[in-house]
Structures are given as structure tokens and as C-alpha cells.
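Numbers restart at 1 for each chain; the letters A, B, ... are given by sequence-line order, proteins then strands.
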Protein chains: 2
Amino acid sequence: MPEQNFEMEHQKALHNLKKNLPDNEDLEAMVNIFKAFGDMTRAKIIFALAETPLSVGEIADTLDMSQSSISHQLSILKGLNLVSNARRGRNIHYRLSDQHIITIFKQTQDHIIEDENDF
Amino acid sequence: MPEQNFEMEHQKALHNLKKNLPDNEDLEAMVNIFKAFGDMTRAKIIFALAETPLSVGEIADTLDMSQSSISHQLSILKGLNLVSNARRGRNIHYRLSDQHIITIFKQTQDHIIEDENDF
DNA sequence: TTCATATATGAATGATTGCTCATATATTCA
DNA sequence: TGAATATATGAGCAATCATTCATATATGAA
């Protein structure tokens, strides 16, 4: 009876579930990154930096937001090693730490597009 | 002088930045998904559902959390089409809407691993 | 050194959010 | 139908968070 096989498989999966979950530390690292992505300002900063390195002021101008706000958000992104910075003349230029970051955004965009096709 | 070329390229990139950013609607959709991923409870739910479909009660037991809390979080995930549900006998089973979701998590895990190697 | 500019930072505040508790709804079973 | 079980939902509360405002720090120019 296939119905019972399904049930048995399910029970087995259920039993192993808890120990198959990533440990809290790893999960927390991931969740923190998603949290960083889950804010309009930071997402815009990331997309902007995907095009070219930018100074704090340039980002503030582009996004039409205060210097302070951008600086605060950059320090969060930096704390998570999502961006790095370097002085360039009078300014400090920020850049994405690695290309993975923009890939994750693109992947998510794909998910949304796929999703829209369902309707 | 290569320094000036750099500066000119930068000015050009800066000028085009604003109109190259994704429009707000698209960005908001992405940000909402990241927001959903950016919470330990929901992340755990997603990892659990990546293994097998589960009822609300099974998730609550596995994560050692209240039924109400899990139900609330599931409704958020469902609102974003990240999970779907179907009654199965007395219970309601939830499953991931598509496989993209777990790919995004794995991609992020890769980012973290790469990051750790830098130290 | 002094002034001007660019960035960082701390405190305060309003908004968002995750959980709990109580309760409503819905389905199965007897 | 009535009781039991599974899930959903609304209000309330504490915690988190993004922005602002004021100010500190740091660099470059004169």
C-alpha cells in the first residue's frame, strides 16, 4: 500500500529532522546576512556598489538620503564583511566584498520571476 | 594617465547609477523575501521543509516552539509564496514552494565559508 | 596650525516585529 | 450532532531597528 510507505518515509524523515538542521551558529550567520539584505536602504546600497565603488557621499546623493543614515548602514554591512572600504583622496570608497553577494540577489530575483509566472 | 581614466569611468558610472537601480517595486519584492529569511524561526522552518513536508504541529515539536508562533510564521511565508499548504487527513502539511529557495540559502552558506577563509 | 570637508558615532524616537495568550474556525471521529 | 483535535487569528507587549540630530574625528588645503 503506497500510502503506508509514504507515511513510513515521513516518520523516518521526521525522526532525523532535528539533527539534520544546521547548527545554530551557522544558521545565525546566514540569518544575519539575510537580515542585512532585508532593508531597502541596504539593498539599494548593495545594488549601487555592484556597479562601481562609491564614496559615502556619492551613495547618499544617489539614494537621496542623509549622510548619517548611509554611514550607519554601511557600518552594518561592513560588520558583516559584505563591503570593504578604503580611503581614496579626501573620501572613503566602499565596495562589495565579493561577487557572491550580487549572485544571491539575482537568484532571488529569479525566484520572484518564476513565481509571477504561476499566475 | 591611468588615474584620470579611472576617474572618468567612475563619473560615467556614477551618472548612470540612479537609473540602473532596480525599480522600487522589484526591489521591495526582493527585500521582503530577504526579510522573511532573516529570522531564525523562519529559517529553521525552511530548512526543515527542505527535508520533507511537515504539519504545523510537527514543525512546532521539531523546533520546540509554540503552535501559535509557528502558525504565524507560516502565514508570513505563505503570504510571500515561499511555502504552500494542503490538508492531509487531520493535519495541514506545508512544503517549500520551489527549490530555488534552498539554493539561495546554500549560496549564502558559500559566501560565509569563503569569508571565513579570509582569516 | 587653522579652516573646510568627509565620514563616523552616540542618544533619542517612532515604527516594525516576534512571541504569548486567549479564542475562533475547521475537520475528524464517535 | 457533539466532543476532540489541529490550525488560524487578533490584541497586547517587549525587543529590535532605521532614521534624525548633534557632535566627534580625521584628512586635506591654505
Side-chain angles (χ1 to χ4, degrees), chain A residues 3 7 10-11 14 24 27-28 30-46 48-49 53-80 82-95, chain B residues 3 7 10-11 14 24 27-46 48-49 53-95:
Chain A
E3 180 59 19
E7 187 52 33
H10 181 241
Q11 285 306 322
L14 185 56
N24 261 18
L27 240 182
E28 215 148 348
M30 256 185 286
V31 162
N32 282 336
I33 288 181
F34 287 132
K35 234 181 254 182
F37 292 170
D39 171 83
M40 281 295 261
T41 302
R42 287 189 297 259
K44 284 178 189 170
I45 292 175
I46 288 168
L49 293 181
L54 292 165
S55 74
V56 179
E58 286 169 337
I59 298 173
D61 287 351
T62 305
L63 306 192
D64 206 18
M65 294 187 62
S66 78
Q67 175 270 320
S68 177
S69 180
I70 298 300
S71 187
H72 276 296
Q73 298 308 334
L74 283 170
S75 94
I76 290 173
L77 294 175
K78 185 146 192 298
L80 292 165
L82 294 171
V83 303
S84 64
N85 60 9
R87 185 169 283 277
R88 186 170 180 87
R90 190 185 288 251
N91 305 313
I92 294 180
H93 275 212
Y94 280 79
R95 60 171 65 249
Chain B
E3 181 59 19
E7 187 51 34
H10 182 240
Q11 285 306 322
L14 185 56
N24 262 17
L27 240 183
E28 214 149 347
M30 255 185 286
V31 162
N32 282 337
I33 288 181
F34 287 133
K35 236 180 250 181
F37 292 169
D39 170 81
M40 282 295 263
T41 302
R42 288 189 295 262
K44 284 178 190 170
I45 292 176
I46 287 168
L49 292 181
L54 292 165
S55 74
V56 180
E58 287 169 338
I59 299 173
D61 286 350
T62 304
L63 305 192
D64 206 17
M65 295 187 62
S66 79
Q67 175 270 320
S68 177
S69 179
I70 298 301
S71 186
H72 276 297
Q73 299 309 334
L74 283 170
S75 94
I76 291 174
L77 294 175
K78 184 146 193 298
L80 292 165
N81 286 309
L82 295 171
V83 303
S84 63
N85 59 11
R87 184 167 284 276
R88 186 170 181 85
R90 191 184 285 250
N91 305 313
I92 294 180
H93 275 210
Y94 281 79
R95 61 171 63 249

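- From A:Asp61, atom CG reaches atom OG of A:Ser55 across 8.0 Å, with rounding to the nearest 0.5 Å.
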task: Kindly indicate, with the supporting measurements, whether the criterion side-chain contact (heavy atoms from CB on, under 4.5 Å) is fulfilled by B:Arg95 and B:Leu49.
output: CA-CA 6 Å; B:Arg95 61 171 63 249; B:Leu49 292 181; 5.7 Å; no
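- Taking the C1' atoms of five terminal pairs at each end of the helix from C:dT1-D:dA30 to C:dA30-D:dT1, the two resulting helix axes are inclined by 30°, rounded to 10°.
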task: Take B:Val56 and B:Asn91 through the test side-chain contact (heavy atoms from CB on, under 4.5 Å) and record every step on the way to the result.
output: CA-CA 8 Å; B:Val56 180; B:Asn91 305 313; over 6 Å; no
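- Residue A:Asn91 is the one, among A:Ser69 and A:Asn91, whose nearest nucleotide of DNA chain C lies closer to the 5' end (criterion: closest heavy atom).
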message: Working note: A:Thr62 + A:Lys44, criterion side-chain contact (heavy atoms from CB on, under 4.5 Å); need CA distance, chi angles, decisive distance, verdict.
response: CA-CA 10 Å; A:Thr62 305; A:Lys44 284 178 189 170; over 6 Å; no
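- Between the P atom of C:dG10 and the NE2 atom of A:His72 lies a distance of 9 Å, rounded to the nearest Å.
- Using bins of under 30°, 30° to 60° and over 60° for the plane-to-plane angle, the ring pair A:His10/B:His93 lands in the tilted bin.
- A:Ser75 comes within 4.0 angstrom of nothing in the nucleic acid, heavy atoms only.
- A heavy-atom distance below 4.0 Å to DNA chain C is reached by these residues of residues 34-45 of chain B, ordered by number: B:Lys35, B:Asp39, B:Thr41, B:Arg42.
- In this structure, CG of B:Leu63 is placed 10 Å from P of C:dC19, rounded to the nearest angstrom.
- Residue contacts shown for A:Ser71 include a base, since a base heavy atom lies under 4.0 Å away.
- Donor-acceptor pairing under 3.5 Å, judged by distance alone, is present between the side chain of B:Ser68 and the base of C:dC21.
- Once rounded to the nearest 0.5 Å, the distance linking NZ of A:Lys78 with CG of A:Leu80 reads 11.5 Å.
- Between atom CZ of residue A:Phe34 and atom CD1 of residue B:Ile33 there is a gap of 10.5 Å, rounded to the nearest 0.5 Å.
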query: How far apart are the C-alpha atoms of A:Leu77 and A:Ile46, what are their side-chain angles, what is the distance that settles it, and do they pass the side-chain contact (heavy atoms from CB on, under 4.5 Å) test?
result: CA-CA 9 Å; A:Leu77 294 175; A:Ile46 288 168; 4.2 Å; yes
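- To the nearest 0.5 Å, atoms CE (B:Met30) and NZ (B:Lys35) are separated by 13.5 Å.
- Here B:Leu63 contributes atom CG and B:Ile45 contributes atom CD1; the two are 6.0 Å apart, rounded to the nearest 0.5 Å.
- Computed from coordinates, the B:Arg90 CZ to C:dT28 P distance equals 9 Å when rounded to whole Å.
- Taken from CD1 in B:Ile70 to CD in B:Gln67, the straight-line distance is 9.0 Å, to the nearest 0.5 Å.
- The span of DNA chain D lying next to chain A, judged by atoms under 4.0 Å from heavy atoms, is bounded 5' to 3' by D:dC17 to D:dA29.
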